[in-house]
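So the structure is just underneath, and the comments pick up after that.
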Amino acid sequence: MNKTELIEHIATSADISKAAAARALESIIGAVKSTLKKSGSVSLVGFGTFAVAKRAARVGRNPRTGAAIKIKAAKVPKFRPGKALKDHLN
């Protein structure tokens, strides 16, 4: 399912226009992004938790030349599914 299909699904299941569904989805995505930017986490009970993890700096290898390169430390988004979501899939 892509973003357009998700918007259509939201619009039909909530009985709202596609434009309103698109605004709602964009609002949710924006809220998650801004919270993660502040190193916070977003917990949706029954669905899962979005959080920020820190990846340490490390030395990697250029696959073409084999030369060592430095890879900077980074913050990466993580998603941990909730129990209800896991149970629904199994």
Side-chain angles (χ1 to χ4, degrees):
M1 177 179 278
N2 62 27
K3 190 173 181 180
T4 305
E5 293 169 342
L6 182 57
I7 290 170
E8 289 175 14
H9 179 75
I10 292 168
T12 55
S13 65
D15 195 29
I16 58 175
S17 69
K18 286 184 184 179
R23 286 191 306 271
L25 182 60
E26 289 298 328
S27 177
I28 291 168
I29 292 170
V32 171
K33 283 182 181 180
S34 64
T35 302
L36 293 179
K37 181 75 172 170
K38 298 176 203 168
S39 296
S41 66
V42 177
S43 295
L44 303 172
V45 177
F47 184 70
T49 302
F50 295 92
V52 177
K54 293 179 182 173
R55 186 178 291 160
R58 62 191 194 280
V59 176
R61 296 259 174 223
N62 182 332
R64 208 173 268 180
T65 64
I69 56 172
K70 293 179 184 176
I71 301 172
K72 295 181 188 177
K75 294 179 188 176
V76 293
K78 297 279 183 160
F79 176 74
R80 191 173 71 233
K83 184 178 183 325
L85 180 60
K86 288 186 219 177
D87 291 345
H88 182 73
L89 297 176
N90 294 318

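The basis for the numbers below is simple: all heavy atoms, side chains too, and nothing from hydrogens, waters or symmetry mates.
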Problem set entry | Between NZ on residue Lys75 and NZ on residue Lys37, distance to nearest 0.5 Å | 7.5 Å
Exercise. Can you name the closest pair of heavy atoms from Arg61 and Ile69 and give their distance?
Worked result: N-CG1, 4.3 Å
Problem set entry | Shortest non-hydrogen separation from Ala11 to Ala21 and the atoms involved | N-CB, 3.8 Å
Seminar exercise, completed: One should read off an interatomic distance between Ser43 OG and Arg80 CZ, to the nearest 0.5 angstrom, of 7.5 Å
Exercise. For Phe50 and Leu44, which heavy atoms make the closest approach, and how far apart are they?
Worked result: CE1-CD1, 4.3 Å
Seminar exercise, completed: Interatomic distance, CG@Leu6 vs CD@Glu8, rounded to 0.5 Å, equals 10.0 Å
Exercise. Taking the side chain as C-beta and beyond, is there a heavy-atom pair between Pro81 and Phe79 under 4.5 Å?
Worked result: yes
For this session: For residues Ala68 and Val59, report the shortest heavy-atom separation together with the two atoms involved.
Result: CB-CG1, 3.9 Å
For this session: Could you state whether Ile29 and Ile10 fall into the same hydrophobic cluster, counting links through intermediate Ile, Leu, Val, Met, Phe, Trp or Tyr residues with side-chain heavy atoms under 4.5 angstrom apart?
Result: yes
Problem set entry | Residues forming a side-chain hydrogen bond (donor to acceptor under 3.5 Å, both in side chains) with Asn2, sequence neighbours excluded | none
Problem set entry | Sequence neighbours excluded, every pair satisfying side-chain hydrogen bond (donor to acceptor under 3.5 Å, both in side chains) that has a member inside residues 14-29 | Lys3-Glu26
For this session: Check Pro77 against Leu36 and note the closest heavy-atom contact, atom names and distance.
Result: CB-CD1, 4.4 Å
